[in-house]
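Below: one structure, written as structure tokens.
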Amino acid sequence: MNNVVIIGNGVAGITAARHIRKGSDARITVIGSETEHFFSRTALMYIYMGHMTYEQTKPYEDWFWIKNRINLLFDHVSGIDTEARLLRLASGNAVGYDTLVLATGSQSNKFGWPGQDLDGVQGLYSMQDLRLMEQNTNDISSAVIVGGGLIGIEMAEMLHSRGIEVTFLVREDSYWNNILPPEESAMINRHILSHGIRLRLSTELAKILPDSAGRVRAVRSSDGDEIPCQFVGITAGVHPNIILCEGSEIATGRGILVNEYFETTIPNVFAIGDCAEIVATDGGRNRIEQLWYTAGMHGEALAAHLCGERKPYDRGILFNSAKFLDIEYQTYGYVPPVLDDVQTLYWEHPAGEQAIRIVYDQRDVVIGFNLMGIRYRHRVCERWIAEKKTVPYVLEHLGEGNFDPEFFVQSEQCLIDLWNRTHPERTLQLHRKRGLRRLAPARGQKKEMMA
Amino acid sequence: MKAMQIQIPAELRGHSYTESPIRKIGLALFGVGVLVFMIGATGAFASIPLLYSMLSLGVGTIGALLAILPGIGARKPGINHDGIMFSPWKNRRSVAWLLGILITAFYVTLYWFPSTLDHMVVAFDPLSWPLRGKAADRWFLYGTLYTLAVLIMGVRMLIKYRHSRYQTIRTISVMFFQLVFSLLIPGLLQLFNEPEFYFHYFWPLKYDYLFPSKLSSLFDGTHLAVFMGFWTLVMAFLATPVLTYFYGKRWYCSWVCGCGALAETLGDPWRQLSDKSLTAWRIERWMIHSVLVFAVVMTGLLWLNSAMEGAVLGGLSRGFSRTYGFAIGAMFSGVVGVGFYPLMGSRVWCRFGCPQAAILGIIQRYFSRFRITTNGEQCISCGNCSTYCEMGIDVRAYAQRGADIVRASCVGCGVCSSVCPRGVLNLENGPVDTRNI
């Protein structure tokens, strides 16, 4: 590995580059055509809303790349020749490699709706999309969002922040209920409406209607309504961006097929992040992991592998987070959307914008947490799950998990009360309140200082 | 559905309450108040102080509150930074420059052309007489305006952060200390012929409190004055290190201090302007510690001088303290510190120039139980924390690698924690050796 070339300067590619640099002296080149420097995709919405500028979304200052000898190439790869180990670039140049890492990310789904290519209709994934959205939504008064996932609600919030009236079409009968259990999902439904966003559940897009200039004029929904709008946000999920592999020897399925070492079917070619489809070894379903967190983990794992530490990728105990307008969401471990096969303890604040859910199995072992509008400690929840702690233990120690700021009202006692009401034979007592005690150092404590 | 379709300039869209009629009336009244106040400089109101006071300060205050209060109904409680980067007055554009010039001009007038204010101070007589038993002067004018700014913009903070108990309690604290410890107590002390004394300012911020002349005058005075002398010594040498050990420098900088009070209230709209670059951090470290050395040397010289009966160092030490008073006290903390709020953010003085912050920072960095904890791997590197850090700390650089934030400059305002969309940051106190640096 003397000459590593990474295609894609998103979080997966950049994390790989940074960690390869830490572990080796290889020549590293990152080719990206989205922006010249790495920026945080998660902050796209904040640029549009005026919370941050593009400059502020860059996690590293520009000197960082020079100092760490990570060569950035602002160009677009138009073809891969795995035989000659050569990349063709849109600028006409060519770049050779010993080791190639594909980190090309995702593309927005479009499901062949009539009118989906009209002016004023778009998804939101890249900086280019954001610029287009800026143009498309300049001086408009109403918009329709199609697809009830995380990008959908972000786009709704973005448009809403500019005083644009938003109608939010969600196919499911409750927001994001293929991930969230019913109560959490219902909470977000209410919250969306309380912000003045017109949430329409069980409603699909039938057709996008043009005006005489070929711009969107209205949307026809599955129930026959015509909703006037000047902008349509398509947020029906994303799929791996594998265009580059078409016509190459690299095998693809839905994504670029890789094993648990991120090796593709071609030697010395790897794929990480959103674009990779990790082939299941246990006969289960192949995995495509499209999270910010997993992209970074892929990059780090691949870098370790390339630097000589061969061990299979292990995602560890699942975690994720999001923010639905004002409601923060954290999840740890396994919380299925349908709770029939697990047991669960759910507390919700009477005001309806905070909740804690603990999920446990038949033997009372805790397997997951959902937190709505309340912050919990990642390491503590992870440790409880890893150590297979039982519900009574977790409840009695629940204060340790709380990560809300000082003076915030704590709700742990409410969960204890809830449990005690249903388990009079085994009443519990909360051992301690929030605060920092000697928390055992947890798995994978990241300590990486490069700057 | 809220009425959201008003046509407003593109750069202001998102601030749905910008165009609320009450807000407009409020801004107009505020303008009237300021105008009347300035007209007073001509002496037009010299004989009618109460009316002058009501028309300028009263109308201005009511106007400002009317402009602020509609914020409650404009949006549900929660972080609202919509449109800040497009705003002409919050992002170093036209209005920001104008405001910067105006505030700077005010400080220049206050320090070097005080006679301009001669007729304006009468607006403060109706408060000064009952409080202090004497007519207002330019420092009373300054102190009262300062307090008004903290209180009015404090109300704005309370509305903006009404979802956060930490921010609410902290804001009430700075408002309380400004009103009571900066304005009322020193005023009443003068009424009762005691030394004008600020119990919440200590050496080296209030550098002259440890000067030999000041201390000896306190210890030679009334019982209360002697108490002030002890207070000065105890706060500077005992309470400051102990409190900072337990709670970090925030117990002072963002809960008590008057400079902090102004920064956290009046300065809040500009907190995002602080420079986050590594270069700025390098400059900061050199500058603030130089000021500290300057303050310590000056105080030491004065004591040496006093011990040697002023024989040798007399002229030198006086010159030294005068230079310090001008360069640091007036130029840095006033003109640059506040005048440049709209251009360089609200904590220029606290970050680059305050010797108190320097000492507290050293304690915080090396010996304190305080840190900002990062929550596992939940950081998404979005950068809201760094953007809204008024001290110019690149919080994200720590959060994204799972490290705690232990920085000398952190004043513990808690805004990084408030703005984090993933609940990653938390201000915590715990055993010093558990800081994950």
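Reminder, nothing fancy here: chain letters follow the sequence lines and each chain counts from 1.
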CA sep, side-chain torsions, deciding dist, call: A:Tyr332, B:Gln378, side chain to side chain donor-acceptor pair (under 3.5 Å): CA-CA 11 Å; A:Tyr332 300 107; B:Gln378 289 279 26; 3.1 Å; yes

What heavy-atom pair brings B:Arg165 and A:Phe408 nearest, and what distance separates the two atoms? N-CE1, 3.4 Å

Keeping the roles fixed (side chain from B:Asn375, backbone from A:Tyr376), state whether a donor-acceptor pair exists under 3.5 Å. yes

Spatial distance of atom CZ (B:Phe86) from atom CZ (A:Arg162) [nearest 0.5 Å]: 4.5 Å

What part of A:Phe38 is in contact with chain B, defined as an atom under 4.5 angstrom from a non-hydrogen atom: side chain, backbone, both or neither? neither

Under 4.5 Å from any heavy atom of chain A - which part of B:Val424: backbone

In chain order, what residues pass the side chain to side chain contact (heavy atoms under 4.5 Å, CB included) check against B:Ser381, with sequence neighbours excluded? A:Ser40, A:Pro59, A:Trp292, B:Cys379, B:Arg396, B:Gln400

Contact part of B:Ser386 toward chain A, heavy-atom cut-off under 4.5 Å: side chain, backbone, both or neither? neither

Who are the side chain to side chain donor-acceptor pair (under 3.5 Å) partners of A:Tyr48, not counting sequence neighbours? A:Thr137

Answer with yes or no whether the side chains of B:Asp82 and A:His51 bring together a donor and an acceptor at under 3.5 Å. yes

So for B:Ile380, is it side chain, backbone, both, or neither that comes closer than 4.5 Å to the heavy atoms of chain A? both

Between B:Arg422 and A:Arg375, does a side-chain contact (heavy atoms from CB on, under 4.5 Å) hold up when you go through it step by step? CA-CA 8 Å; B:Arg422 295 295 188 270; A:Arg375 299 171 171 183; over 6 Å; no

Looking only at heavy atoms and a cut-off of under 4.5 Å, which of B:Thr373, B:Asn384, B:Ile79, B:Thr168 has the most pairs with chain A? B:Asn384

Where on A:Glu61 is there a heavy atom nearer than 4.5 Å to chain B: the side chain, the backbone, both, or neither? side chain

State which residues pass side chain to side chain contact (heavy atoms under 4.5 Å, CB included) with A:Tyr54; sequence neighbours excluded, sorted by chain then number. A:Thr35, A:His37, A:Phe39, A:Ile47, A:Thr57, A:Lys58, A:Met127

What are the residues of residues 407-414 of chain B, in order of number, with any heavy atom under 4.5 angstrom from a heavy atom of chain A? none

Under 4.5 Å to a heavy atom of chain A? For B:Arg170 that would be neither

CD-NE2 distance between A:Glu353 and B:His163, expressed to the nearest 0.5 angstrom: 12.0 Å

With rounding to the nearest 0.5 Å, note down the distance linking CZ in B:Arg401 to CZ in A:Arg18. 9.5 Å

With rounding to the nearest 0.5 Å, note down the distance linking CG in B:Asn426 to CZ in A:Arg377. 6.5 Å

Given B:Arg250, B:Gln272, B:Arg369, the one with more heavy-atom pairs under 4.5 angstrom with chain A than any other is B:Arg250

May I have the step-by-step check of side-chain contact (heavy atoms from CB on, under 4.5 Å) for B:His81 and A:Met49, ending in yes or no? CA-CA 8 Å; B:His81 286 156; A:Met49 296 198 295; over 6 Å; no

Give the minimum heavy-atom separation between A:Pro405 and B:Tyr166, together with the two atoms involved. CB-CB, 4.5 Å

Take A:Ser161 and B:Arg75 through the side chain to side chain donor-acceptor pair (under 3.5 Å) test and state the conclusion after the steps. CA-CA 10 Å; A:Ser161 79; B:Arg75 190 194 186 283; over 6 Å; no

Segment of B:Ser418 engaging chain A (4.5 angstrom heavy-atom cut-off): backbone

Shortest non-hydrogen contact from A:Tyr46 to B:Cys382? CE1-CB, 4.3 Å

Is a salt bridge present between A:Arg379 and B:Glu377, judged by a nitrogen-to-oxygen distance below 4.0 Å? yes

Less than 4.5 Å to any heavy atom of chain A: does that hold for the side chain of B:Leu278, its backbone, both, or neither? both

Using a strict threshold of under 4.0 Å (side-chain N to carboxylate O), is an ion pair present between A:Glu157 and B:Lys76? no

Below 4.5 Å from any heavy atom of chain B, which atoms of A:Tyr293 appear? Answer side chain, backbone, both or neither. side chain

Heavy-atom pairs under 4.5 Å with chain A - which of B:Gly430, B:Ser277, B:Pro421, B:Ser164 has more of them than the others? B:Pro421

Is it the case that the side chain of A:Asp326 and the backbone of B:Gly78 share a donor-acceptor pair, with hydrogens and angles ignored and the cut-off at 3.5 Å? no

